[in-house]
Amino acid sequence: MKTESTDANTSDQGLITLAHGAGGRVMRQLIESICVEAFNNPALALLEDQARLDMAEIAAHGDRLAFTTDSYVVDPLEFPGGDIGTLAVNGTVNDLAVSGARPLYLSCALILEEGLEISRLRRIMASMSDAAGVAGVSIVTGDTKVVPRGKGDGMFINTSGIGVIPQGVELAASRCQPGDCVIVNGTLGDHGAAILQARGDLALEADLVSDCQPLHGLIARMLAVCPQVHALRDATRGGVAGVVYEFAEASGRAIRLFEDQLPVRPSVRGVCEILGLDALHFANEGKLVAVVPREAADSMVAVMREHPAGRDACIIGEVLDGPAGSVQISTLMGGVRLLDLPIGEQLPRIC
Amino acid sequence: MKTESTDANTSDQGLITLAHGAGGRVMRQLIESICVEAFNNPALALLEDQARLDMAEIAAHGDRLAFTTDSYVVDPLEFPGGDIGTLAVNGTVNDLAVSGARPLYLSCALILEEGLEISRLRRIMASMSDAAGVAGVSIVTGDTKVVPRGKGDGMFINTSGIGVIPQGVELAASRCQPGDCVIVNGTLGDHGAAILQARGDLALEADLVSDCQPLHGLIARMLAVCPQVHALRDATRGGVAGVVYEFAEASGRAIRLFEDQLPVRPSVRGVCEILGLDALHFANEGKLVAVVPREAADSMVAVMREHPAGRDACIIGEVLDGPAGSVQISTLMGGVRLLDLPIGEQLPRIC
Amino acid sequence: MKFVDEFRDPALAKQLLTRIAQRMASPVLQARAPIRIMEVCGGHTHSIFRYGLEALLPQTLELIHGPGCPVCVLPREHVDDCLAIAAQPDVIFTTFGDAMRVPGSRQTLQQARAGGADIRMVYSPLDALQIARENPQRRVVFFGLGFETTMPATALTVQQAVGKQVDNFFLLCHHITIVPTLKALLDDEDVCVDAFIGPGHVSMVIGLEPYGFIAEQYRKPFIISGFEPLDILQSILMLLDQLVEGRAEVGNQYSRVVHEQGNIQAQQAVAEVFELRERSAWRGLGEIDQSGVRLRTRYAALDAEREFALRSTRVDDPAECRCGEVLKGQLQPQQCPLFGSGCTPAQPMGALMVSSEGACAACFQYQRNDSQ
Amino acid sequence: MKFVDEFRDPALAKQLLTRIAQRMASPVLQARAPIRIMEVCGGHTHSIFRYGLEALLPQTLELIHGPGCPVCVLPREHVDDCLAIAAQPDVIFTTFGDAMRVPGSRQTLQQARAGGADIRMVYSPLDALQIARENPQRRVVFFGLGFETTMPATALTVQQAVGKQVDNFFLLCHHITIVPTLKALLDDEDVCVDAFIGPGHVSMVIGLEPYGFIAEQYRKPFIISGFEPLDILQSILMLLDQLVEGRAEVGNQYSRVVHEQGNIQAQQAVAEVFELRERSAWRGLGEIDQSGVRLRTRYAALDAEREFALRSTRVDDPAECRCGEVLKGQLQPQQCPLFGSGCTPAQPMGALMVSSEGACAACFQYQRNDSQ
Amino acid sequence: MCLGIPGEIVAIDDAATLTAVVEVSGVRRRVNLACVLPTGADPASLLGYWVLVHVGFAMSLIDAEEAHQTLRLLAELEAFADEVR
Amino acid sequence: MCLGIPGEIVAIDDAATLTAVVEVSGVRRRVNLACVLPTGADPASLLGYWVLVHVGFAMSLIDAEEAHQTLRLLAELEAFADEVR
Ligand code: SF4
Ligand code: SF4
Ligand SMILES: [Mg+2]
Ligand SMILES: [Mg+2]
Ligand SMILES: [Mg+2]
Ligand SMILES: [Mg+2]
Ligand SMILES: [Mg+2]
Ligand SMILES: [Mg+2]
Ligand SMILES: [Mg+2]
Ligand SMILES: [Mg+2]
Ligand SMILES: [Mg+2]
Ligand SMILES: [Mg+2]
């Protein structure tokens with residue numbers, strides 16, 4: 001006998017309740033119907049407490065394992081250019097890729113707030129799955145927790161990632177050398193500005209789109225053509241300013257940026273001017289900063305521009321001998337000043 | 001010139017603010033002064049975006065990588081027998097260990113709520129570090145996010161773990177065979193009851209202590225002495241009932257538990273009786289359920305009892321041919337009934 | 001555990017079972033078989049299933065699971081009332097865990113909480129009062145449900161609220177009384193029961209006297225019973241003894257807890273705070289005269305029905321629901337077409353599937369044949 | 001960006017710098033060197049540092065960073081008032097991002113928010129009013145700070161609040177006026193300034209007339225300037241021209257935005273809503289007569305000072321703080337003993353280290369020699 | 001239908017509000033005595049008594065003698081069974 | 001001291017409250033016109049005007065002619081520089 005029943009616990013009309021996180025049947029159904037289906041791969045489908053991955057297959061890619069983790073707490077969960085799911089895949093893929101690693105496997109741990117729409121969860125899991133497909137990684141293990149309403153923010157996602165670094169690839173912030181060029185793969189601050197707008201607090205409207213994208217393809221191409229890269233890092237929170245300061249500090253060198261070379265979209269610039277902020281401090285989710293020997297810089301930029309993720313690549317600065325840890329910017333007017341340190345929260349200002 | 005300054009951003013008097021999560025200087029200071037110091041190891045100290053681990057060293061331990069993730073959202077953050085930090089280490093170590101893997105590396109991703117006391121964070125990081133030391137794993141990569149007050153719950157921790165499964169070890173829920181015995185390593189529900197009490201909502205008081213502990217030592221010993229173990233899982237959320245149902249379903253067998261054999265501490269039983277709940281459904285954080293061939297069961301229990309994490313080990317049930325996926329319990333009165341499915345939230349009841 | 005473990009002794013249970021079988025084999029009872037005994041109280045239903053007693057009893061002895069679970073007989077429209085009140089932004093709605101998963105016409109309280117309502121589980125009505133004192137700027141509503149056992153606790157809490165001038169505390173009262181419902185069942189031609197296992201904890205409050213008419217007018221043996229397996233088995237034996245001997249009396253197996261007069265102080269508190277309603281709705285059973293209470297006028301200021309101007313409209317159960325027939329013992333849970341498919345503990349359609357004292361939930365949890 | 005990019009042309013800047021150097025080389029100015037020009041306004045300070053203009057100017061031309069940043073002159077006790085109000089559980093405290101990191105005697109608003117206070121950043125006072133309308137059961141306080149530029153926005157918001165009968169909206173008013181402070185500086189013997197770059201956006205509201213006395217009585221050239229680098233350089237050139245020619249006039253480089261009379265409608269709104277206080281405290285400068293405004297009595301119902309019965313007690317800066325001397329141009333930020341050690345943008349001790357318009361923050365961010 | 005559990009009164013928490021502490025298998029909880037304390041009596045007079053607890057209220061003083069009586073009956077049953085075996 | 005930014009009035013959001021939409025480098029925000037709209041005038045009459053925006057209020061109508069004048073002065077400077085070079 002078949003009876004129609006509204007299955008409020010997993011239907012797209014439903015909301016996440018604490019029952020979904022209690023380790024019982026309702027939770028199993030949720031995970032099986034949403035995550036296992038979306039991420040569809042044999043390791044995950046076993047629903048064991050851990051994925052089991054063939055070591056020989058992994059070791060074939062290189063001689064060092066790269067291992068990284070990031071939690072994603074973006075508000076709002078969905079925004080122009082992506083959602084928390086695409087961030088969670090691309091962000092962790094990128095943290096692997098900037099070591100030169102080939103990203104292979106991701107974990108996916110969800111912290112859901114009671115009251116989250118299941119339809120939304122399903123949508124975000126689908127876009128995670130798409131992003132993983134594009135990036136060529138498998139989501140092989142996962143976890144779901146539900147916290148009471150008011151103890152979370154819709155959903156948080158943690159992804160940890162495993163990749164393998166090919167023999168011979170040695171990228172390190174500490175390797176920046178005087179004379180090296182500082183390169184970015186495109187416009188600054190698109191993600192930060194898009195989020196600021198999407199959050200709606202400041203009532204700004206513009207065609208701002210997050211730059212969220214995986215970078216490992218671009219990086220593989222860069223390393224293939226120009227293996228002399230010294231340092232590589234994706235510029236997320238803290239922006240390009242944050243990465244450049246990290247490079248300067250880790251290498252004990254100084255870095256000088258050229259204000260007139262910084263690529264910034266007009267609408268991102270508009271946001272900055274209105275709020276008194278600086279695109280160098282805005283978060284990106286598909287931007288990298290590379291430090292390469294000067295002689296390789298132009299060909300590197302040319303190679304990057306051929307890749308869809310590097311179309312607007314350009315040289316934005318250079319490494320100087322010292323003072324150690326300092327970052328300068330030569331301004332539009334021809335003056336030189338220190339780059340503002342990213343201190344804490346970016347507070348919009350009126351004066 | 002030296003000046004005394006109250007460094008409210010990292011002093012033990014301070015509170016976490018959004019600035020601590022903004023990717024700037026304040027965040028770097030926090031991470032360096034708390035996490036890098038507490039977890040003290042070379043991979044983490046590099047502060048690269050990913051740990052880089054020698055593949056040959058890893059591969060020496062076995063032929064499969066085990067990879068797992070769990071987020072920890074326990075409320076309260078500190079409770080008798082542990083804190084969210086010890087949980088985060090032991091829980092993930094155990095999820096690796098139940099595959100037979102040797103746990104090697106952990107990640108640590110923090111989601112801090114604005115307003116968290118920094119002294120508390122420091123304490124919890126220290127106990128994470130201690131737990132990692134006891135478990136013999138290194139925390140090699142991390143991440144810190146701060147969410148606005150009211151969007152979190154003090155702190156959430158995600159740990160992902162990497163371990164290696166020695167050649168020949170094959171544990172799987174699907175391998176349960178009719179005639180196998182079901183074994184636990186000690187009393188049921190200690191963690192769940194301790195948390196219920198510590199939360200204070202129900203105003204219960206007792207000497208309840210979480211059983212939070214790493215199990216890989218016990219498991220290594222079990223596998224060394226008695227490699228015929230068929231299935232192994234730690235019984236966390238959903239309790240022993242949850243694991244036993246998972247075993248029955250994955251193997252297409254039935255499992256029968258013996259009510260009179262279930263080890264439950266008197267005070268845990270007291271909580272259950274008062275609230276109308278069942279210790280089989282309560283969470284544990286240092287308990288495993290093993291399914292072993294009957295002929296090995298007694299010696300297995302003996303071996304387990306020699307280990308500090310298995311002192312109260314006992315046989316609590318057996319695997320039957322069918323009906324597939326069902327779990328029965330033979331009651332104190334000699335009747336047989338189905339075991340309650342863990343459905344959702346455990347709601348205390350008055351009727 | 002004192003006063004508990006002694007009454008869970010497997011050896012004694014075996015003896016009792018043997019004795020019950022012997023009684024059932026007596027010619028008088030063989031002639032009347034099957035013997036149908038209704039346990040009025042959901043607590044007994046729970047114990048019977050939890051200890052697997054049914055299968056241990058003779059096949060000719062049938063246990064009918066009665067209406068004595070307040071959650072199971074809670075009408076949908078009352079859950080809707082709860083939801084309407086909880087939806088007010090300044091309200092903290094408090095209730096027992098049991099009520100959280102009972103379906104209203106569109107939602108459960110659990111789902112409403114997920115949707116943003118401030119709904120909190122309490123262990124005691126006093127906890128709700130405490131919440132009210134800690135949140136003076138919010139209206140705190142306690143949803144009081146339960147039989148006579150729970151009424152005194154609510155009554156004393158109401159008295160405390162008034163005494164301590166907690167003027168942001170309100171009671172939504174769905175307390176009901178078991179005796180009129182028993183009478184209704186006895187008057188119902190469809191219901192045929194030979195004897196009753198009487199509710200232990202209700203009797204602890206109301207005493208033995210109110211059941212007198214069952215023995216006298218309806219000639220049905222009635223034994224007030226404790227909730228441990230030995231209690232229940234002993235009560236069954238006592239009922240069979242009466243049947244064999246042709247007696248019909250109100251007896252008390254649970255004398256360690258239930259005293260002849262009940263609890264006078266509790267009765268006084270109830271009488272001071274509550275008055276009978278003309279009639280009350282029971283899910284599956286319809287309206288029954290004088291089977292529920294409401295706050296007396298002197299406590300009107302605390303009455304959530306007044307404060308929130310409730311005017312609930314009756315909501316019928318879906319046509320396929322057979323809760324009423326199951327409640328009256330006319331149908332086994334498994335015979336309901338929704339059982340296990342449209343109606344499961346995870347997705348209850350009828351209330352009998354919600355509480356673990358509900359006959360359907362108990363059957364599903366403890367006796368279903370497939371694992372889903 | 002129209003009206004912006006044109007005024008950031010590097011080639012023109014170079015021409016201006018050449019011309020400035022030429023002027024400075026004139027015998028009149030060489031005789032008077034160093035020439036000390038105070039940019040009154042923090043916005044100019046910010047631009048000067050942001051574009052590295054100081055190093056491009058002749059060494060004999062010194063820029064003095066004036067008191068024109070409302071955050072930098074905000075006394076500690078006023079932050080304490082904010083904290084006291086924000087600590088009320090029913091209050092939503094709103095303010096501009098700039099105010100979040102200003103240290104009170106024990107805390108900043110940012111830290112108080114972390115400690116549980118409901119403190120929200122807004123971009124406009126109208127956003128605060130909107131929050132009040134959306135939260136009728138809360139008291140919503142807007143902390144209005146700023147010079148004449150910002151006063152009209154606050155005044156119009158107050159008028160709207162009254163017009164729309166939003167009775168849970170309150171204003172904590174710390175609006176101040178620049179002219180009396182300029183006069184106090186001119187009267188201070190310690191301060192020696194040859195000419196002023198005048199505040200562009202304040203002047204957009206108040207017009208040119210209020211500065212007349214500076215040229216007439218004190219014989220100092222005064223050029224109202226825009227905020228782009230060419231604006232500032234051109235203004236400097238205009239000031240040097242006056243100095244060379246021995247003139248002292250109020251000029252307007254920023255004529256695209258600043259009109260002779262200022263903004264009459266804005267002035268009217270301000271006059272309708274605010275009245276002068278007898279005196280106001282400026283951090284680092286002490287009390288200055290008639291240098292701030294408060295709500296007129298007719299708006300007393302919205303006045304947070306009244307609503308929260310504030311009675312703030314003066315809190316002195318730590319003795320080592322040299323903010324006052326830096327503000328008056330007597331000390332370079334780097335000469336303060338706390339600069340870069342006890343006082344950094346991440347851990348500001350003085351207010352000049354908070355706002356990126358503060359001379360100390362600007363120096364630290366843009367000119368310090370070590371990276372910490 | 002109404003979960004009730006036997007517990008021992010081990011302490012008086014607040015005599016004014018008739019609040020005692022009851023212990024059930026090592027677990028303590030505050031419980032109101034209003035229904036079981038004779039009017040005017042000292043709450044402390046109930047120390048050591050066992051009560052039946054329901055939703056935070058002591059609803060009945062447990063009669064140990066009656067409990068023994070019930071168990072004695074059951075034991076006789078067993079004795080009798082031994083006889084007939 | 002007071003961040004002000006030029007933007008173009010591109011739409012009227014709500015004439016009753018004198019609310020317009022201003023665009024700055026592709027970014028739009030609602031802005032109040034009370035300080036720049038002549039009393040009684042139609043907000044739509046300001047469409048296409050550039051205003052100086054501060055904390056959500058248009059505080060000044062930007063005078064394009066004056067801007068050109070200023071720039072012309074600067075350009076003359078450059079011309080002059082070319083001469084003397
Ligand atoms: S199965 Fe569900 S609908 Fe059917 S009688 Fe039982 S509770 Fe009612
Ligand atoms: S360094 Fe700090 S204390 Fe010293 S003058 Fe500057 S702001 Fe004031
Ligand atoms: Mg990372
Ligand atoms: Mg990252
Ligand atoms: Mg990174
Ligand atoms: Mg998990
Ligand atoms: Mg939330
Ligand atoms: Mg896991
Ligand atoms: Mg786990
Ligand atoms: Mg596990
Ligand atoms: Mg990270
Ligand atoms: Mg919280």
Side-chain angles (χ1 to χ4, degrees), chain C residues 1-4 6-7 9 11-12 14-16 18-19 40-46 68-72 96 122-127 146-150 152-154 156-157 159-160 178 199-202 204-205 226-227 230-231 234 237 253-259 263 265-266 269 357, chain E residues 1-8 13-14 16-19 22-27 29-41 49-85:
Chain C
M1 284 177 68
K2 201 168 158 186
F3 302 121
V4 172
E6 308 90 295
F7 298 91
D9 181 307
L12 288 177
K14 215 161 180 183
Q15 294 307 325
L16 276 166
T18 310
R19 196 62 75 89
V40 171
C41 173
H44 291 136
T45 309
H46 184 78
C69 162
V71 166
C72 301
F96 299 127
V122 292
Y123 169 74
S124 166
L126 287 175
D127 299 344
F147 289 103
E148 289 90 336
T149 322
T150 318
T154 307
L156 287 160
T157 303
Q159 289 175 338
Q160 271 201 27
I178 193 70
H201 291 151
V202 163
M204 157 179 88
V205 171
F227 295 87
L230 292 192
D231 290 325
Q234 190 179 28
L237 186 59
Q253 182 275 338
Y254 199 27
S255 55
R256 62 188 186 276
V257 163
V258 174
H259 315 307
N263 186 319
Q265 283 160 291
E357 298 197 350
Chain E
M1 71 194 102
C2 316
L3 204 65
I5 200 79
E8 184 181 7
D13 180 66
D14 178 12
T17 58
L18 308 184
T19 309
V22 157
E23 186 169 314
V24 177
S25 195
V27 181
R29 209 219 182 252
R30 265 171 295 113
V31 155
N32 185 291
L33 299 181
C35 287
V36 294
L37 185 70
T39 320
Y49 274 78
W50 284 73
V51 290
L52 199 290
V53 179
H54 174 67
V55 299
F57 285 77
M59 293 306 299
S60 176
L61 291 179
I62 297 182
D63 188 328
E65 186 41 48
E66 287 286 348
H68 286 145
Q69 198 82 26
T70 305
L71 286 167
R72 209 173 308 135
L73 257 169
L74 291 169
E76 279 167 20
L77 207 72
E78 190 160 33
F80 174 79
D82 287 345
E83 268 169 48
V84 300
R85 196 172 290 152

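Naming: A, B, ... by sequence-line order, numbering from 1 per chain. Values below: every heavy atom of this structure, side chains too, minus hydrogens, waters and symmetry copies. Note that the structure is predicted; figures quoted are calculated from it, not measured.
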Atom group of [X] that falls short of 4.5 Å from chain C, counting heavy atoms:
X	answer
E:R30	neither
E:I62	both
E:L37	backbone
E:V24	side chain

Point-to-point distance, once rounded to the nearest 0.5 Å, from [atom1] of [X] to [atom2] of [Y]:
X	Y	atom1	atom2	value
E:E8	C:F3	CD	CZ	9.0 Å
C:Q15	E:E76	CD	CD	13.0 Å
C:T149	E:L52	OG1	CG	9.5 Å
C:R256	E:L71	CZ	CG	7.5 Å

Of the backbone (N, CA, C, O) and the side chain (C-beta and beyond), which part of [X] lies under 4.5 Å from a heavy atom of chain E, both, or neither?
X	answer
C:L16	both
C:A269	neither
C:H46	neither
C:Q160	side chain
C:T150	both
C:K14	neither
C:V122	neither

Quiz prompt | Donor-acceptor pair, side chain of C:H259 and main chain of E:L61, under 3.5 angstrom | solution =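 Answer holds: yes.
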Just so I know, are the side chains of [X] and [Y] near enough to count as touching, which here means a heavy-atom distance under 4.5 Å?
X	Y	value
C:V258	E:S60	no
C:V4	E:P6	yes
C:E6	E:L74	no
E:I5	C:M1	yes
C:N263	E:V36	yes

Quiz item: Would E:T70 and C:S255 count as a side-chain contact (heavy atoms from CB on, under 4.5 Å) if you check the C-alpha gap in whole Å, the side-chain angles of each, and the deciding distance to 0.1 Å?
Solution: CA-CA 8 Å; E:T70 305; C:S255 55; 3.9 Å; yes
Quiz item: For E:Y49, what residues pass the ring pair (Phe, Tyr, Trp, His ring centres under 6.0 Å) criterion, not counting sequence neighbours?
Solution: none
Self-check item: Test ring pair (Phe, Tyr, Trp, His ring centres under 6.0 Å) applied to C:Y254 - qualifying residues, sequence neighbours left out
Solution: C:H201
Quiz item: Closest heavy-atom contact between E:V55 and C:P125?
Solution: O-CD, 3.8 Å
Quiz prompt | chain C contacts, top residue of E:C35, E:G56, E:G26 (heavy-atom pairs, under 4.5 Å) | solution = E:C35
